[in-house]
Amino acid sequence: LLEWLFRFLCRCVFCVLQMGPIPEHIAFIMDGNRRFAKKLNLEEGEGHKAGYVAFTNLLKFCYELRVRYLTIYAFSIDNFRRPPEEVQSTMDLIQSKIEELLLDGSIIRRYGIRVYIVGNFRLLSESFLRTAEKAMRTTEGNSGAVLSICVAYASTDEMARAVEECCEEKARGGGEEIEVGDIERHMCMAVSPDPDLIIRTSGETRLSNFLLWQSGYAMLYSPTVLWPEFGVRHMLRIIIEFQKNFAYLERKRKRT
C-alpha cells in the first residue's frame with residue numbers, strides 16, 4: 001500500500017512539473033561511489049554497485065518525466081591512471097551492468113530506451129567492445145529515450161579525434177576549411193543534442209573533462225550528496241531550479 005501511495009504521489013508531482021519546461025537532455029557525473037563505500041565501511045566495489053541502483057532509479061524518474069536524452073559519465077580516460085586492479089574491477093562491473101540492461105524485463109527493455117556507448121574504443125578491451133556493440137545493436141530500434149554511457153571518455157580526446165576525422169575528410173576532397181559544424185558532426189556525442197542540465201554529485205564543481213564542447217549553455221548543479229545517496233527528492237529540487245532559471249538560460253542561448 002505504501003509503495004502504491006508513493007508511486008501515486010510521484011505521478012501527481014510529475015504532472016505538475018510537466019506544466020513547466022522539462023530538460024530535453026540531462027547529463028550526470030556520478031561522483032562519490034568510493035567515498036560512499038568508505039563512509040559505510042563497505043568492501044571495495046560495493047559503492048559502485050550501490051551507485052548502479054541509484055542510476056536505475058534515476059533512469060525511471062527521468063523516463064517518467066519525459067526527459068528525452070540522458071548521458072552518464074561512467075569511466076573517464078583519466079581513470080585509467082588508477083591502480084590496474086581497480087581499473088579492471090571497475091570496467092568488469094560496468095560491462096556486467098551493461099549486460100544486465102539487455103536482459104528481458106530490464107528497465108531498458110520495459111521503457112524502450114536506446115543505448116549508445118560513447119568514448120575512445122581503442123582503449124577498451126575486445127570483450128568490452130563486444131558488449132558495447134551488442135548493446136547498441138540490440139537497442140537500435142528503441143525510441144522511448146536515448147541513454148549515452150561515456151566509457152573511456154574525455155572531452156579533449158573527443159575534440160582531438162573529431163578534428164582529426166575532419167582533416168581526413170577534407171583530404172579526401174571534402175573542401176578546404178573546417179567549420180564548427182564539421183567538428184560537431186564528427187563528435188562521438190553527436191548522438192544527442194547539447195545538455196540542458198549537468199549534475200555532478202558529492203559537491204564537486206568541476207566538469208572533469210566532461211562535455212566541455214557541449215556544455216556552453218547548460219545549467220550546472222552540484223548537490224552535496226554522494227551519488228549512491230542521490231534520489232528522487234534531489235532530482236525534484238533540481239528540476240524546479242531548472243524551471244526557475246529556464247527563461248534566463250533561453251535568453252543566453254538566443255544571443256549566440
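Because only heavy atoms are used, hydrogens play no part in the values below, and waters and symmetry mates are left out as well, while side chains stay in. Each residue takes its place number in the sequence, starting with 1.
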Rounded to the nearest 0.5 Å, how far does [atom2] of [Y] lie from [atom1] of [X]?
X: D194; Y: L211; atom1: CG; atom2: CG; answer: 8.5 Å
X: I199; Y: L220; atom1: CD1; atom2: CG; answer: 10.5 Å
X: F121; Y: L129; atom1: CZ; atom2: CG; answer: 6.5 Å
X: N245; Y: L197; atom1: CG; atom2: CG; answer: 10.5 Å
X: H48; Y: L42; atom1: NE2; atom2: CG; answer: 12.5 Å
X: R251; Y: F246; atom1: CZ; atom2: CZ; answer: 11.0 Å

Side-chain touch [X]/[Y], heavy atoms, less than 4.5 angstrom:
X: F61; Y: V67; answer: no
X: M30; Y: Y73; answer: no
X: E169; Y: R185; answer: yes
X: W213; Y: V180; answer: yes
X: F55; Y: L147; answer: yes
X: T201; Y: L226; answer: no
X: I117; Y: I98; answer: yes
X: L65; Y: I22; answer: yes

Residues, nucleotides or ligands: over 12 heavy atoms within 6.0 Å of E85 CD: yes
Whether over 12 other heavy atoms sit under 6.0 Å from K97 NZ: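 Enclosed: over 12 neighbouring heavy atoms sit under 6.0 Å from NZ of K97.
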Classify the side-chain pair [X]/[Y] by whether it contains a donor and acceptor separated by less than 3.5 Å.
X: T139; Y: N142; answer: no
X: E158; Y: Y153; answer: yes
X: E100; Y: S106; answer: no

Stepwise side chain to side chain contact (heavy atoms under 4.5 Å, CB included) check, V87 with F75: CA-CA 9 Å; V87 171; F75 197 86; 3.9 Å; yes
Would the distance check show the side chain of [X] and the main-chain N or O of [Y] forming a donor-acceptor pair, the cut-off being under 3.5 Å?
X: H234; Y: G231; value: yes
X: N79; Y: S76; value: yes
X: T138; Y: A135; value: no
X: N120; Y: A152; value: no

Partners meeting salt bridge (charged side-chain N to carboxylate O under 4.0 Å, His left out) with E46 (sequence neighbours left out): K49
Under the salt bridge (charged side-chain N to carboxylate O under 4.0 Å, His left out) test, residues paired with R137 that sit two or more places apart: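 Residues passing salt bridge (charged side-chain N to carboxylate O under 4.0 Å, His left out) with R137: none at all.
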Test side chain to side chain donor-acceptor pair (under 3.5 Å) applied to N209 and T156, step by step: CA-CA 7 Å; N209 215 346; T156 48; 3.0 Å; yes
Decide whether [X] and [Y] are clustered together by the hydrophobic rule: side chain heavy atoms of Ile, Leu, Val, Met, Phe, Trp, Tyr closer than 4.5 Å, transitively.
X: I149; Y: F80; value: yes
X: I77; Y: I72; value: yes
X: Y248; Y: M219; value: yes
X: L93; Y: Y52; value: no
X: M136; Y: L102; value: no

Nearest heavy-atom pair of [X] and [Y]: which atoms, and what distance?
X: A218; Y: P195; result: CB-O, 3.3 Å
X: F210; Y: A27; result: CE2-CB, 3.8 Å
X: G47; Y: A37; result: N-CB, 3.8 Å
X: C188; Y: R161; result: SG-NH2, 4.0 Å
X: L212; Y: S215; result: O-OG, 3.5 Å

ring-ring contact (aromatic ring centres under 6.0 Å, His included) evaluation trace for W227 with F28: CA-CA 10 Å; W227 174 253; F28 294 94; 5.7 Å; yes
Verdict with supporting geometry, E165 and K170, salt bridge (Lys or Arg N to Asp or Glu O under 4.0 Å): CA-CA 9 Å; E165 290 175 11; K170 299 300 179 182; over 6 Å; no
Salt-bridge present (R130, E133; N to O < 4.0 Å):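 Looking at E133 together with R130, the answer is no, because their closest N to O distance does not fall below 4.0 Å.
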Note: K39-E229 ion pair, threshold 4.0 Å (strictly below):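 Salt bridge: yes.
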T71 and H25: CA distance, side-chain angles, deciding distance, side chain to side chain contact (heavy atoms under 4.5 Å, CB included) verdict: CA-CA 8 Å; T71 300; H25 181 185; 2.7 Å; yes
Side chain to side chain contact (heavy atoms under 4.5 Å, CB included) assessment of R237 paired with Y221: CA-CA 11 Å; R237 182 175 179 180; Y221 203 89; 3.9 Å; yes
Intermediate values then yes/no, side chain to side chain contact (heavy atoms under 4.5 Å, CB included), I239 and M235: CA-CA 6 Å; I239 295 297; M235 274 301 304; 4.0 Å; yes
Option among C62, S192, P23 that satisfies the side-chain contact (heavy atoms from CB on, under 4.5 Å) test with Y69: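 Passing option: S192.
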Qualifying salt bridge (Lys or Arg N to Asp or Glu O under 4.0 Å) pairs, either residue in residues 196-221, two or more places apart: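 Qualifying pairs: D31-R200, R35-E204, D196-R253, E204-R206.
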